[in-house]
2 protein chains.
Amino acid sequence: MDVHGRDLRYFAAVADELNFTRAAERLYVSQPALSKQIRMLEKQLGAELFVRDRRSVRLTAVGEALLPHARGVLAAWQAAQTAVEEARAAERDTLVVGMSTSPGRGLLPALRTRLMSRHPAARPVLRQVNWADPTAGLADGSSDVAFVWLPLPDDERYRSVVVASEPRLVALPPGHPLTARAAADPEGAVDFRDLADEPFLALPPEAGPLRDYWLALDARDGRAPRIGGVVASAEETHEAVANGQGVVLLATGNAPLIVRDGVTAVPVRGITPSRLAVAARRDDERALVRAYLAAARAVGAAEV
Amino acid sequence: MDVHGRDLRYFAAVADELNFTRAAERLYVSQPALSKQIRMLEKQLGAELFVRDRRSVRLTAVGEALLPHARGVLAAWQAAQTAVEEARAAERDTLVVGMSTSPGRGLLPALRTRLMSRHPAARPVLRQVNWADPTAGLADGSSDVAFVWLPLPDDERYRSVVVASEPRLVALPPGHPLTARAAADPEGAVDFRDLADEPFLALPPEAGPLRDYWLALDARDGRAPRIGGVVASAEETHEAVANGQGVVLLATGNAPLIVRDGVTAVPVRGITPSRLAVAARRDDERALVRAYLAAARAVGAAEV
DNA sequence: GACATCCATAACTCATGGCTATCACAAGGG
DNA sequence: CCCTTGTGATAGCCATGAGTTATGGATGTC
């Protein structure tokens, strides 16, 4: 039914040489092993492939019929191996870059350029990941590296390089009283305690510590926030704010995604700045991953 | 380097089912065996072929790349097997009919017709064999059946069916004295003792008992014949007789091959008739061979 | 919470494919 | 004429391959 590729290779070699001893040498096996395998193949096919006439070896009609097909099978397998090798190479050179929202700030082209100056064959592929996954695909392996907001859950599994640290803003619906207060402020900002009691839009519970972070839990002295709704994308967030479901904290760089149709964003005093980082799985030592982190380090700040 | 066809078959089955358990059933192997073989294949290729994600199995990029090639290899091997099967069938249906000189007497078409009425797929192939081999190729396997002159050397290895028994003639050169004597004889014949002392043309020594037979050794009372030359074909024989190198005994049916350009042939009294037979190797039980002998029996006389 | 599904692992058996040593036979060569 | 050389087949041995059954562990389902 099936055949081992080796047997076809052996058969072709003997057919080439018409001499078992020489064929065995060419195949780096002993002559008896070769003889035995050919006999096995003949037995399997139910037909003699060679006539071993005391002084000479030659193909039978059946052998003659098999030879081109045997070569065909071997060639087809050769092609298969090549295809696998190419796929492996493509996989090795592909770096999946996960992100929840576009990191902006000119980071992607800058990192791409630096990466490819070191690894010309590299092909960074961008991948959009739902906000529900704060690791932007690192956790389930769907990304190799990712733009993430610190802090990450399950911190020790990842290493990260901060590439931007910016004050956080609050997005306010049209006509919200705090808009006027910010306008009157010398810095154009508001204090967090002035908005702590507003209903907040929150990330899904799966987001873990990141959800808490964007609710500024650490600045609330243990008092629970009011949750006005759950959002998992920039578009949802804009809609929810515009509809007055609640306010939401934003990284400065993400403000343009939310601020339109009367929604405004103003700086908030009294909370820590947001930190955007490039991260990878700590145990992922692949060259391309290391190179991307190195590029991020060159572009951004210190590793955490 | 090489791959076992089975592994590709297993791989294709799992790729089809995307489920090891079901694929294993389809392949009639246990699930662990299948799992192990796929792992082996992956190890050999140095790349994962499937992602076994808790609940599902799916192809990796490499697996995706391999799949069409794997099917290609399997198809190529399938074609190879078909080719072998066809060659085997052709070989099974081919009957090599050996002969030294054409048996004539309408035997070949008669046997061919009878053979093919029983075995429509049969393809009798005629093969001319040098006179030096009295078995006309049976001995070395180059013929399956053969037209031979009895007695055969190594008798017990063959079985034969006599298809013609005819008086032997002697071929005489132009102007030989015996020609006149025969003309004067009431039967137009000569007695063997009148030509026993002539130089005789003989078959090569390898012909064994057949050589002796055509020298009519049994009719010489132990006296050795004079050998005028050795001949191994009808053409040589004619030439040698015409040149006066010697005389030679002939089967009646073969006279037309020799008698021309003044060479004559006259019946000889006092020697046994020649017996033309169809023979085969005794241990050759193939249907086609048996059928050819049966056809010969129907056409000719009794089996020896 | 018991059960079913599904893939992986463990421990075992037996055939396969390799090796070395040796034989049998034909063909040349001193 | 014997002896060497070349060639394929055979014998006996051993490691590995490929299969088995039994079991584990994770994940949904009723």
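First the proteins, then the strands, lettered A, B, ... as listed; each starts at 1.
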**Request:** Enumerate the residue pairs fulfilling salt bridge (Lys or Arg N to Asp or Glu O under 4.0 Å) with a member in residues 5-14 of chain B, sequence neighbours excluded, ordered by first and then second residue.
**Result:** Asp2(A)-Arg9(B)

**Message:** One character per nucleotide, please: for nucleotides 19-30 of chain D, 5' to 3', B when the base has a protein heavy atom closer than 4.0 Å, S when only the sugar-phosphate does, - otherwise.
**Reply:** BBBB---SB---

**Whole-Å gap separating C1' (dA9(D)) and CD (Glu48(A))** = 13 Å

**Message:** Among residues at least two apart in sequence or on other chains, which ones pass side chain to side chain donor-acceptor pair (under 3.5 Å) with Gln31(A)?
**Reply:** Ser35(A)

**Message:** Under the rule for side-chain contact (heavy atoms from CB on, under 4.5 Å), what residues qualify as partners of Val289(A), not counting sequence neighbours?
**Reply:** Leu95(A), Asp144(A), Val145(A), Ala280(A), Asp284(A), Arg286(A)

**Prompt:** Who pairs with Trp214(B) by ring-ring contact (aromatic ring centres under 6.0 Å, His included), at least two apart in sequence or on another chain?
**Reply:** Trp149(B)

**Item:** Whole angstrom value for the distance that separates P of dT16(D) from NZ of Lys43(B)
**Value:** 11 Å

**Item:** Partners meeting side chain to side chain donor-acceptor pair (under 3.5 Å) with Glu85(A) (sequence neighbours left out)
**Value:** Arg88(A)

**Request:** Could you identify which residues of residues 56-63 of chain A place a heavy atom less than 4.0 Å from some atom of DNA chain D, listed by residue number, or say none?
**Result:** Val57(A)

**Message:** Gln128(A): which residues meet the side-chain contact (heavy atoms from CB on, under 4.5 Å) condition with it, sequence neighbours left out?
**Reply:** Met99(A)

**Message:** Just checking Arg123(A): does its CZ atom have more than 12 heavy atoms from other residues, nucleotides or ligands closer to it than 6.0 angstrom?
**Reply:** no

Show every donor-acceptor pair shorter than 3.5 Å between a side-chain atom in residues 68-78 of chain B and any protein atom, with sequence neighbours excluded, or say none if there are none.
{"from": "His69(B)", "atom 1": "ND1", "to": "Ala65(B)", "atom 2": "O", "distance (Å)": "3.3"}
{"from": "Arg71(B)", "atom 1": "NH2", "to": "Asp16(B)", "atom 2": "OD1", "distance (Å)": "3.0"}
{"from": "Trp77(B)", "atom 1": "NE1", "to": "Met1(A)", "atom 2": "O", "distance (Å)": "2.8"}

**Item:** Length of the CD-C1' vector between Glu17(A) and dG8(D), whole Å
**Value:** 15 Å

**Asked** According to a strict under-4.0 Å criterion, is Asn19(A) in side-chain N/O contact with OP1 or OP2 of dG6(D)?
**Response** no

**Message:** Can you measure Arg22(A) atom CZ to dG8(D) atom C1' for me and round it to whole angstrom units?
**Reply:** 13 Å

**Message:** Under the rule for side chain to side chain donor-acceptor pair (under 3.5 Å), what residues qualify as partners of Arg92(A), not counting sequence neighbours?
**Reply:** none

**Item:** Residues Arg157(B), Arg282(B); criterion side chain to side chain contact (heavy atoms under 4.5 Å, CB included); working and verdict
**Value:** CA-CA 5 Å; Arg157(B) 290 188 51 205; Arg282(B) 193 172 289 281; 5.8 Å; no

**Asked** To the nearest Å, how far apart are Arg39(B) CZ and dA18(D) C1'?
**Response** 16 Å

**Request:** For Phe11(A), check ring-ring contact (aromatic ring centres under 6.0 Å, His included) against everything at least two apart and list the hits.
**Result:** Phe50(A)

**Asked** Tell me: CG of Leu18(A) to P of dT7(D), nearest whole Å?
**Response** 13 Å

**Message:** What range of DNA chain C does chain A touch, first nucleotide to last, counting atoms under 4.0 Å from its heavy atoms?
**Reply:** dG17(C) to dA27(C)

